[in-house]
Amino acid sequence: MTTQHEIDAAIAKAATGGGAHHPARDYPPYRSSALRHPKQSLVPVVDPEAVELTGPVFGVTDVTELDRDLTLGHHGEPHGQRITVSGRVLDRAGRPVRGQLVEIWQANAAGRYAHHLDQHPAPLDPNFTGFGRCRTDDDGAYAFTTIRPGAYPWRNHVNAWRPAHIHFSLFGTAFAQRMVTQMYFPGDPLFPYDPVLQSVTDQSARDQLVAEYVHDLSTPEWSLGYRWDVVLDGPSATLFEDGDR
Amino acid sequence: MTLPPTPAQTVGPFYGYALPFYGGDEIVPATHPEAITVHGYVFDGAGAPVPDALVETWQADQHGSLAGAPGSLRHDPVTSTVIGRDGVRFTGFGRVPTDADGHWALHTLPPGAHRPGATPYLAVAVFARGLLHHLHTRIYLSEHADALAADLPALAADRRATLLATLERDRLYRFDIRLQGEGETVFFDFQ
């Protein structure tokens, strides 16, 4: 069985690369990546008329206003600390991504997912499923109400624990901007031990995955407020497109 | 001004109660007279099926329009549950999780040429546990094999073949996605 010490050493070894924003798909400390990354180089595409420079659209039929509040939809209130997570979705030119779908999912306050395959001994919460959706507004802003997820163990190695996180799925105006990532909470002591977060080897890039606690976003007697902005990557064509999107 | 992008992270193993939605695999109903079915497996580098992958597709409609339409995740206004597309508007977007045996299937219409002379294809994004950053590939229907060869002449024929969905029988196409190793699927980087 692989120990945390061995994973720490592997993280330190892989960290010497650095510089890239995205994780390398071949990242040995995250053991599941071993057989699931391509060995051939990606084939570059430069085509201003590629299908991938457009993308799916979503509208009022796709999301209801209730979908952004993960504490609703059950008979009672979920266990845990109520939080809000809000921010803006931008493209790399700093323009807001408008009217696009943001989906999130997460573990409950005890660190358990409402998923059949998550069987670790933490309680399920009958009042929490843990997924939500919203559409960005004209400023690219999104907002969710949820509870703070717990950390949880996983089997990457002995005594492996994921820091608390919320999964995010985001769409841009171009399918090539599609993004799935994870948002973490500031100051989590599990950060250095986690090969998924550490797969982002550049410290400033890693910091982009950590939300900020913003006291003015907290609601008295109700919820703690976190802010997290997302910048969608994409081909250069999405940087220079004409018009106000 | 260019902002540094937010890094990608894996979709993980537990997206299954969040991302898949009712009718995600039916861009048009399977019973639509002009529907085609594209299906296949996702395999890892050991040739084992990947049971926790998510396949997304985006495409032009039959006339080549990339305008899309809302309504892929249409909600019932009474119960607020996702009830699927309205059967009229072509949204162009599909999302299918792989089964326990790594298999996926999608019902759609053959895409039209998105500009005069363009070779039509389905754009594909693949997500999976173990995949830290998703991958983009394309599905070209086998009748466009010659056009594909002309579009991507620098690509070896055996690699190019990984982008072709082969016709198994009328209107049924097979497209396997191999993440690694022999027959590894061609994945793209948009620059």
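Sequence lines set the chain letters: A, B, ... in the order given, protein chains first and strands last, and positions in each chain run from 1.
Only the side chain of B:Glu184 has a heavy atom closer than 4.5 Å to any heavy atom of chain A. Only the side chain of B:Phe127 comes within less than 4.5 Å of a heavy atom in chain A; its backbone stays farther off. Residue contact with chain A, scored on non-hydrogen atoms closer than 4.5 Å, involves the backbone and the side chain of B:His134 alike. For chain B, the nearby parts of A:Ala50 are the backbone and the side chain; heavy atoms of each come within less than 4.5 Å. No part of B:Leu152 comes within reach of chain A, as not one of its non-hydrogen atoms sits under 4.5 angstrom from that chain. For a residue to count as touching a neighbouring chain, one of its non-hydrogen atoms must lie under 4.5 Å from one of that chain's; by this rule B:Arg159 touches chain A with the side chain only. Contact annotation for B:Tyr15: both backbone and side-chain heavy atoms come within less than 4.5 Å of a heavy atom of chain A. Only the backbone of B:Ala69 has a heavy atom closer than 4.5 Å to any heavy atom of chain A. Neither the backbone nor the side chain of A:Arg31 comes within less than 4.5 Å of any heavy atom in chain B. Contacts of A:Asn156 with chain B are absent, with no heavy-atom separation under 4.5 Å from either backbone or side chain. Proximity to chain B involves both the backbone and the side chain of A:Phe175, based on heavy atoms less than 4.5 angstrom apart. B:Ala118 does not touch chain A: none of its heavy atoms, backbone or side chain, sits under 4.5 Å away. Heavy atoms closer than 4.5 Å to chain A are found in the backbone of B:Pro13, but not in its side chain. No part of A:Leu170 comes within reach of chain B, as not one of its non-hydrogen atoms sits under 4.5 angstrom from that chain. If you measure heavy-atom distances from A:Glu65 to chain B, you find no contacts under 4.5 Å at all. Heavy atoms of B:Val50 lying under 4.5 Å from chain A belong to its backbone as well as its side chain. With a 4.5 Å cut-off on non-hydrogen atoms, A:Glu49 touches chain B through its backbone and its side chain both. Heavy-atom distances place both the backbone and the side chain of A:Thr54 under 4.5 Å from chain B. With a 4.5 angstrom heavy-atom cutoff, A:Val60 does not touch chain B via any of its atoms. For chain A, the nearby part of B:Val186 is the side chain; its heavy atoms alone come within less than 4.5 Å. Heavy-atom distances place the side chain of A:Asp47, and not its backbone, under 4.5 Å from chain B. If you measure heavy-atom distances from B:Val124 to chain A, the contacts under 4.5 Å come from the backbone alone. Heavy atoms closer than 4.5 Å to chain B are found in both the backbone and the side chain of A:Thr129. Both the backbone and the side chain of A:His37 have a heavy atom closer than 4.5 Å to some heavy atom of chain B.
Here CG of B:Leu106 is found 8.0 Å from CD1 of B:Ile36. Values are rounded to the nearest 0.5 Å.
Side-chain contact check for A:Val102 versus A:Arg133: every heavy-atom pair is 4.5 Å or farther apart. Side-chain contact between B:Arg74 and B:Arg85 is absent, with no heavy-atom pair separated by less than 4.5 Å. Side-chain contact between B:Leu131 and B:Val11: absent, with no pair of heavy atoms (C-beta onward) separated by less than 4.5 Å.
Looking at every heavy atom in both residues, A:Gly132 comes nearest to A:Leu70 through CA-CD1, 3.8 Å. Nearest heavy-atom pair, A:Ala164 versus A:Pro149, reported as atom, atom and distance to 0.1 Å: CB-O, 3.4 Å. Considering all non-hydrogen atoms of both residues, A:Phe168 and A:Val85 come closest at CZ-CG1, 4.1 Å.
Of the listed residues (B:Gln59, B:His133, B:His114), the one with the most heavy-atom contacts under 4.5 Å to chain A is B:His133. Interface check for chain B: of the options A:Val51, A:Val46, A:Leu42, the most heavy-atom pairs under 4.5 Å are formed by A:Val51. In terms of non-hydrogen atom pairs under 4.5 Å with chain A, the most contact-rich of B:Gly92, B:Ser72, B:Ala48, B:Ala67 is B:Ser72. Ranked by heavy-atom pairs under 4.5 Å with chain B, the first of A:His165, A:His115, A:His167 is A:His115. Among the candidates B:Asp52, B:Val42, B:Thr91, B:Thr137, the residue making the largest number of heavy-atom pairs closer than 4.5 Å to chain A is B:Asp52. Most heavy-atom pairs under 4.5 Å with chain B: of the set A:Asp67, A:Leu90, A:Leu101, this distinction falls to A:Asp67. Interface summary for chain B: among A:Gly55, A:Ser41, A:Ala24, A:Ser204, the most heavy-atom pairs under 4.5 angstrom belong to A:Gly55. Heavy-atom pairs under 4.5 Å with chain B were tallied for A:Leu117, A:Asp62, A:Asp229, A:Asp118; the largest tally goes to A:Asp62. Among A:Trp105, A:Phe131, A:Phe58, A:Trp154, the residue with the largest count of heavy-atom pairs under 4.5 Å with chain B is A:Trp105.
Counting heavy atoms of neighbouring residues, nucleotides and ligands inside a 6.0 Å radius, atom OH of B:Tyr22 does not exceed 12 of them.
Residues A:Ser32 and B:Arg129 bring a donor and an acceptor atom of their side chains to less than 3.5 Å of each other. Between the side chains of A:Gln177 and A:Thr173, a donor-acceptor pair is found at a separation under 3.5 Å. In this model, a donor atom of one side chain and an acceptor atom of the other lie less than 3.5 Å apart for B:Thr119 and B:Asp151.
The backbone N or O of B:Leu73 sits less than 3.5 Å from a side-chain atom of B:His75, completing a donor-acceptor pair. B:Glu56 places no side-chain N or O within 3.5 Å of a backbone atom of B:Phe93 that could act as its donor or acceptor partner. Of the possible polar contacts, one joining the A:Arg88 side chain to the A:Asp139 backbone as a donor-acceptor pair under 3.5 Å is found.
Using bins of under 30°, 30° to 60° and over 60° for the plane-to-plane angle, the ring pair A:Tyr142/A:Phe144 lands in the tilted bin. Taking the six-membered ring where the residue is Trp, A:Phe191 and A:Tyr184 present perpendicular rings, their angle passing 60° and hence far from 30°.
Here the two rings, on B:His107 and B:His32, have centers that are 6.0 Å apart or farther.
Under the 4.0 Å criterion applied to side-chain N and carboxylate O atoms, A:Glu52 and B:Arg138 are assigned as salt-bridge partners.
When B:Tyr121, B:Phe190, B:Phe187, B:Phe188 are each tested for a ring pair (Phe, Tyr, Trp, His ring centres under 6.0 Å) with B:His136, only one passes: B:Phe190.
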